[in-house]
**Q** 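What follows is a single structure, and I will ask about it in a moment.
Letters go in sequence order (proteins before strands), and every chain restarts at 1. A quick note: this is a predicted structure, and the numbers were derived from the prediction, not measured.
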Protein chains: 2
Amino acid sequence: MPDAQESAALGPLEGLVGYHLRRASSLFGADFARAVGGMGMRQVLFGILSVVSANPGINQGEAGRALGIKRANMVSLITELVDAGLIDRQTDADDRRAFALSITAKGVKILADCLTRISEHEARLLAEFDATDRKALIGLLRRIEALEL
Amino acid sequence: MPDAQESAALGPLEGLVGYHLRRASSLFGADFARAVGGMGMRQVLFGILSVVSANPGINQGEAGRALGIKRANMVSLITELVDAGLIDRQTDADDRRAFALSITAKGVKILADCLTRISEHEARLLAEFDATDRKALIGLLRRIEALEL
DNA sequence: TATTGTTATACTCTATAACTATA
DNA sequence: TATAGTTATAGAGTATAACAATA
């Protein structure tokens, strides 16, 4: 049997929540990539697609704010999604500075497809986490997200 | 009174653990930067310093493996720490391919200083999380880290 | 033949500052 | 004067492939 190699001690790092969040997030990120492998989808893009889907007509700034993405960085991300035919970008009639974003039919399909894959992967990763564990996890993370620096 | 602006709905994203981990991790990352502001310390470097501190004589590969950092990326990171005088890099007498890393006196001081600041910041962030919450949080994250893709 | 460290390289995410056009 | 979007740019983290030295 291949012995389960002991990893080196982490030192003071072991007690820091920030470190564990980083590692756990990174693991889920790798799993995301595996789940949607070869589809050209990334976490950020999926996030934007999801927000646009839930808020038809939203503009770049609002979408970015909901996701913690800076305006300047939204530009090329939105362009990627538009070029891929997943979202539609039209000048907002009520405010000609802004764009009204909406998800396309293709976007809906891709979003659903990715969501299925990612959900399956998360289900597999969290197979040994019962309903209580999952609720606790999401609950704790939401409380962290709501914090102000 | 400044009204608490409602953020846009997240859509399907809301139910994904990976998304919440990403946001929570990012928030702690920003807090880390604030905690050690101006010291030139970063999460990755702090991690390496911590592991080297806990494992005197460890080599780059082992340290990287404990932290999920690729060998190729360890090179410049270790060089940064050596150049900053925080760790010492000497050819390992038992294996002349490898370097034996150890923390310097200055490294010990910086590590302790940073740890104090970061701990204070984490304590402030988690002020409304009681002992049970914290144990649950760290416990859940450790279980995630232990998962295999 | 496997492993340690190295170099080169590329991609992604994020951050800031300065600009335009509209409000 | 403030806001939406844009451009340019830079820093940081991470990924792969190919290589030399040593085991």
Side-chain angles (χ1 to χ4, degrees), chain A residues 2 5 8 18-19 21-23 25-34 36-37 40-48 57-82 87 89-101 149, chain B residues 2 5 8 18-19 21-23 25-34 36-37 40-48 57-82 87 89-101 149:
Chain A
Q5 266 291 52
Y19 168 73
L21 280 172
R22 213 162 99 87
R23 292 303 298 274
S25 172
S26 160
L27 188 138
F28 267 75
D31 188 63
F32 179 100
R34 187 173 295 200
V36 301
M41 184 55 70
R42 279 132 51 204
Q43 284 183 300
V44 198
L45 296 178
F46 180 81
I48 297 173
I58 194 172
N59 67 37
Q60 297 184 190
E62 289 172 57
R65 244 170 273 130
L67 292 163
I69 305 171
K70 297 243 180 296
R71 274 194 313 282
N73 296 324
M74 285 295 285
V75 182
S76 62
L77 294 170
I78 294 293
T79 300
E80 274 192 79
L81 290 168
V82 169
I87 72 173
R89 173 177 51 187
Q90 298 193 15
T91 307
D92 187 325
D94 298 345
D95 182 347
R96 300 200 344 272
R97 293 172 301 183
F99 285 131
L101 305 174
L149 290 192
Chain B
Q5 268 291 54
Y19 168 73
L21 280 171
R22 212 163 98 88
R23 291 304 298 273
S25 172
S26 161
L27 188 138
F28 267 75
D31 188 62
F32 180 100
R34 187 173 295 201
V36 300
M41 184 54 70
R42 281 131 51 203
Q43 284 183 300
V44 199
L45 296 179
F46 180 80
I48 296 173
I58 195 172
N59 67 38
Q60 296 184 189
E62 288 173 57
R65 244 170 273 131
L67 291 163
I69 304 170
K70 297 246 180 295
R71 275 195 311 284
N73 295 324
M74 285 295 286
V75 182
S76 61
L77 294 169
I78 293 293
T79 300
E80 275 193 78
L81 290 168
V82 169
I87 71 173
R89 174 176 49 188
Q90 297 193 16
T91 307
D92 187 325
D94 298 345
D95 181 347
R96 301 199 345 269
R97 293 172 301 183
F99 284 132
L101 305 175
L149 290 191

**Q** Can you check the A/Met74 CE to C/dT12 P distance for me, whole Å?
**A**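 In whole Å, C/dT12 P lies 17 Å from A/Met74 CE.
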
**Q** Can you tell me how far apart CZ (B/Arg65) and NZ (B/Lys70) are? Round to the nearest 0.5 Å.
**A**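 The distance works out to 11.5 Å.
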
**Q** Would one find a side-chain N or O of B/Gln60 under 4.0 angstrom from OP1 or OP2 of C/dT6?
**A**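 Result: yes.
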
**Q** Find out whether B/Thr91 and B/Phe99 are in side-chain contact, i.e. whether some heavy atom of one side chain is under 4.5 Å from a heavy atom of the other.
**A**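 Side-chain contact under 4.5 Å: yes.
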
**Q** Would you kindly compare A/Glu62 and B/Ala72 by the position of their nearest DNA chain D nucleotide and give the one closer to the 5′ end?
**A**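 Final value for this comparison: A/Glu62.
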
**Q** Nearest-nucleotide wise, let me know which of A/Arg65 and B/Ile69 is further upstream toward the 5' end of DNA chain D.
**A**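 Comparing both residues, the 5'-ward one is A/Arg65.
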
**Q** Is there side-chain contact between B/Ile48 and B/Ile69, with at least one heavy-atom pair below 4.5 Å?
**A**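 Contact flag for B/Ile48/B/Ile69 side chains = yes.
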
**Q** Closest nucleotide of DNA chain C for A/Asp95 versus for A/Val44: which of these residues is on the 5' side?
**A**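 Counting from the 5' end, the first nearest nucleotide belongs to A/Val44.
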
**Q** In whole angstrom, give the distance that lies between atom CD1 of A/Ile78 and atom C1' of D/dA4.
**A**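 So the CD1-C1' distance, A/Ile78 to D/dA4, works out to 13 Å.
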
**Q** Just by distance, with hydrogens left out, do A/Thr79 and A/Arg89 show a side-chain donor and acceptor under 3.5 Å apart?
**A**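 Indeed, the side chains of A/Thr79 and A/Arg89 share at least one donor-acceptor pair under 3.5 Å.
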
**Q** Please state whether the phosphate of C/dC13, meaning OP1 or OP2, lies under 4.0 angstrom from any side-chain nitrogen or oxygen of A/Arg42.
**A**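 Yes.
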
**Q** Check whether any side-chain heavy atom of B/Arg42 sits under 4.5 Å from a side-chain heavy atom of B/Glu80, and report yes or no.
**A**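 Yes; the side chains approach each other to less than 4.5 Å.
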
**Q** In this structure, how many angstroms lie between the P atom of C/dA23 and the CZ atom of A/Phe99, rounded?
**A**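 Spelled out: CZ on A/Phe99 to P on C/dA23 is 13 Å.
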
**Q** Can you measure B/Arg22 atom CZ to D/dG13 atom C1' for me and round it to whole angstrom units?
**A**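 About 13 Å, once rounded to whole Å.
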
**Q** I want to confirm an ordering. Mapping B/Ser26 and B/Asn59 to their closest nucleotides on DNA chain C, which one lands closer to the 5' end?
**A**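 In this pair, the answer is B/Asn59.
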
**Q** Which part of the nucleic acid, if any, lies within reach of B/Asp92 when heavy atoms closer than 4.0 Å are counted: base, sugar-phosphate only, or nothing?
**A**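 Answer is nothing: B/Asp92 stays at 4.0 Å or more from every strand.
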
**Q** In whole Å, I'd like the distance from the CE atom of A/Met41 to the P atom of C/dC13.
**A**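 Nearest whole value for this atom pair: 11 Å.
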
**Q** Without decimals, in angstroms, what is the distance between B/Leu77 CG and C/dG5 P?
**A**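 Between P of C/dG5 and CG of B/Leu77: 13 Å.
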
**Q** Starting from P on C/dT12, measure out to NZ on A/Lys70 and report it in whole angstrom.
**A**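 It works out to 21 Å between those atoms.
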
**Q** Any side-chain N or O of B/Arg97 under 4.0 Å from OP1/OP2 of C/dG5?
**A**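 B/Arg97 to C/dG5 OP1/OP2: no side-chain N or O under 4.0 Å.
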
**Q** Take the protein atom CG of B/Asn73 and the nucleotide atom P of D/dT16, then report the distance between them rounded to whole Å.
**A**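 Those two atoms, CG and P, are 10 Å apart.
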
**Q** For a quick test of reading the model: is some side-chain N or O of A/Arg71 closer than 4.0 Å to OP1 or OP2 of C/dC19?
**A**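 Answer is no, no contact under 4.0 Å.
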
